[in-house]
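The figures that follow rest on heavy atoms only: side chains count, while hydrogens, waters and symmetry mates do not. Numbers restart at 1 for each chain; the letters A, B, ... are given by sequence-line order, proteins then strands.
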Amino acid sequence: MLDPRLFRTRIDEVARQLGRRSFVLDTAAFQDLDGRRKEIQVRTQSLQNERNTRSKAIGQAKLAGEDIQPLLDQIEKLGHELKDAESQLSLLQTSIDDWILGIPNLLDDTVPEGKNEADNVEISRFGDPRVFDFEPKDHVDLGTRLHEMDFEAAAKLASARFVTLQGELAGLQRALIQFMLDTHIREHGYTEVYAPLLVNSQSMRGTGQLPKFEADLFAVKNDPPLYLIPTAEVPVTNLVRDEIVADDRMPLRFVAHTPCFRSEAGSYGKDVRGMIRQHQFEKVELVQIVRPEDSPAAHEELTGHAEAILRKLELPYRKVLLCAGDTGFSSAKTYDLEVWLPGQQKYREISSCSNFRDFQARRMSARWRNPETGKPELVHTLNGSGLAAGRTLIAVMENFQDRDGRIQIPKVLRPYVNGREVIG
RNA sequence: GGAGAGGUGGCUGAGCGGUUGAAAGCGGCGGUCUUGAAAACCGUUGAGGGUUUGUAGCCCUCCCAGGGUUCGAAUCCCUGCCUCUCCGCCA
């Protein structure tokens, strides 16, 4: 969430900034709510003050052995008046909080203008899409030929948009995950985290999935409700919720492999073929908790860590800076990494690396103690996929296929598959 | 699942219903001492918010969360959540 003070002091500037996302800020609604809040808060507090002073006086009178009945009579109707004011105030405060929780983050100055995906700006490319001397198959055909990828079976077990993998393909995905984790832990200095896959609504609120995007989540019958995580970002970032991190522990760098669950209610009809868009997929996620002044550099660095995986796997990709309209709700700035998929003849997102600045930190009350001021201050949070394992699997399959539909194992991966060089 | 105990500031830990936002210790910060450091000693030290030009002053809220009793609740009552101990069960 944004700093509530911004809405009181510079709401027009905020509205203009959010306009870049084509988000329309209802400034009149806020000013109306906040005006009433101000009035009622002042009244409530002065009533509380009166209650406190009078109660104190009663205490002293009693101690002095005086008759307190006249004092009690004076205070009689204060109680109702106060209770009334307090409940009005709390109602208003809740509306204001809800309103603010629905406002997206401010964008970084370097984020380009634009409405959608088409306006994203390519920053760099690595590798050249391979030139095939045959017609490359997509991962669905490759997997089906191997009898190791089955969408019908998964639909029988669960529903559409699930997959089953078997044998060497299942092993290849596991190898990819292990390789990614090892690289981030050994070479990039991350600490591995194992965390709950079901989280409560406070955690979902902390990272920004709730209250606005409940439709994208799977919930589990429980009281209070629990939600299946759509990304490891949620449990891992929320490790610092309601915490004050000591300066000497900063920055925190976490890596976690988890399955991810997404309902994606809005995406039906998109990517219906194959493993691109599933309700359940495996992902290795990078999370950093940093000092505010360090977050821009940490963002570049973290994106580089995700890129390192693609480079080692020798997968052609490009790095894209998302435009204003395509940048996610909680993010101030996002780079997407897009891998080349020969089956689609397209670059497709395989990682999304974002700097959230203090947006999530404020929702979570995640702070550090600034040694210069001695005060707790909001941290900055970042995360990125390093990488989406399901999509990495299909990228490897499609980019490393041969004429017969067999799949070469990228060199760095061979130690993770007992030295095998090819499957199929 | 059964039986107990408990949740208080960065941490440990006191707290008869009435100047207790909270003793004490540790830690932190500032200082004295010292060539420097340590030790010792002195001082200081919670968070969020309102009002305001104000990092001034004044005021409000916060002792797990939510309700309740009361003129007044960290202290009493109810509900929930969490932690610990013992027994049982279990991958």
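Between A/Gln41 atom CD and B/rG49 atom C1' there is a gap of 7 Å when expressed in whole angstrom units. Between the C1' atom of B/rU70 and the CG atom of A/Leu78 lies a distance of 14 Å, rounded to the nearest Å. Rounding to whole angstrom units, CD of residue A/Glu86 and C1' of B/rU61 are separated by 10 Å. At whole-Å resolution of the value, CZ in A/Arg241 and C1' in B/rA65 are 13 Å apart. Put simply, CD on A/Gln45 is 8 Å from C1' on B/rU61, counting in whole angstrom units. Taking atom CG of A/Asp3 as the reference point, atom C1' of B/rG49 lies 12 Å away to the nearest angstrom. Taking atom CD1 of A/Ile58 as the reference point, atom C1' of B/rU19 lies 15 Å away to the nearest angstrom. Atom CG in A/Asn52 sits about 15 Å away from atom P in B/rG18, given to the nearest Å.
Under the Watson-Crick or G-U wobble criterion, with both distances below 3.5 Å, B/rC11 is paired with B/rG25. Look at B/rU85: its Watson-Crick or wobble partner, with both distances under 3.5 angstrom, is B/rA3. B/rU32 is paired with B/rA40 under the Watson-Crick or G-U wobble criterion, all donor-acceptor distances under 3.5 Å. For B/rU53, there is no paired nucleotide, since no Watson-Crick or G-U wobble pair has both relevant distances below 3.5 Å. Remark: B/rU61 base-pairs with B/rA47; criterion is Watson-Crick or G-U wobble with both hydrogen-bond distances under 3.5 Å.
A/Lys38 comes within contact range of the sugar-phosphate backbone alone, with a heavy-atom separation under 4.0 Å but no base atom that close. Contacts of A/Pro376 with the nucleic acid, taken as non-hydrogen atoms under 4.0 Å apart, involve only primed sugar atoms and P, OP1 or OP2. Residue contacts shown for A/Arg43 are absent, as no nucleic acid heavy atom lies under 4.0 Å away.
Taking side-chain N and O atoms only, A/Arg37 has a distance below 4.0 Å to OP1 or OP2 of B/rU51. One finds a side-chain N or O of A/Arg8 lying less than 4.0 angstrom from the OP1 or OP2 phosphate oxygen of B/rG50. In this model, the phosphate group of B/rC59 is not approached by any side-chain N or O of A/Asn49 to a distance below 4.0 Å at OP1 or OP2.
Using atom P as the reference point in both B/rG17 and B/rC76, the two lie 7 Å apart (nearest Å). Distance noted for atom P between B/rC64 and B/rA74: 10 Å (whole Å). The separation of B/rA65 from B/rA24, taken at their C1' atoms, amounts to 29 Å, rounded to a whole angstrom. Between B/rU8 and B/rU83, the two C1' atoms lie 15 Å apart (nearest whole Å).
A/Asn120 places a side-chain N or O within donor-acceptor distance of the main-chain N or O of A/Cys323, the cut-off being under 3.5 Å. At least one donor-acceptor pair under 3.5 Å links the side chain of A/Asp3 to the backbone N or O of A/Arg5.
Using a 4.0 Å cut-off between charged nitrogen and carboxylate oxygen, A/Glu168 and A/Arg174 do not count as a salt-bridge pair. Electrostatic pairing of A/Arg357 and A/Asp108 counts as a salt bridge here, judged by a charged N lying under 4.0 Å from a carboxylate O. A salt bridge links A/Lys312 with A/Glu187: at least one charged nitrogen is closer than 4.0 Å to a carboxylate oxygen.
Closest of all the heavy-atom pairs between A/Phe213 and A/Gly208 is CD1-O, 3.5 Å.
Looking at the side chain of A/Arg367, the nearest of the listed nucleotides B/rG48, B/rC71, B/rU61 is B/rG48. For A/Arg51, the listed nucleotide lying nearest its side chain is B/rU61; candidates were B/rU19, B/rU61, B/rC71. Proximity note for A/Lys62 (side chain, C-beta onward) versus B/rG10, B/rC71, B/rU51: the nearest is B/rC71.
When each of A/Ser46 and A/Gln60 is assigned the nucleotide of RNA chain B with its nearest heavy atom, A/Gln60 is the one assigned upstream, toward the 5' end. Both A/Ile75 and A/Lys375 sit near RNA chain B, but only A/Lys375 has its closest nucleotide nearer the 5' end.
Between A/Tyr190 and A/His184, the ring-plane angle classifies as perpendicular under the 30° and 60° cut-offs.
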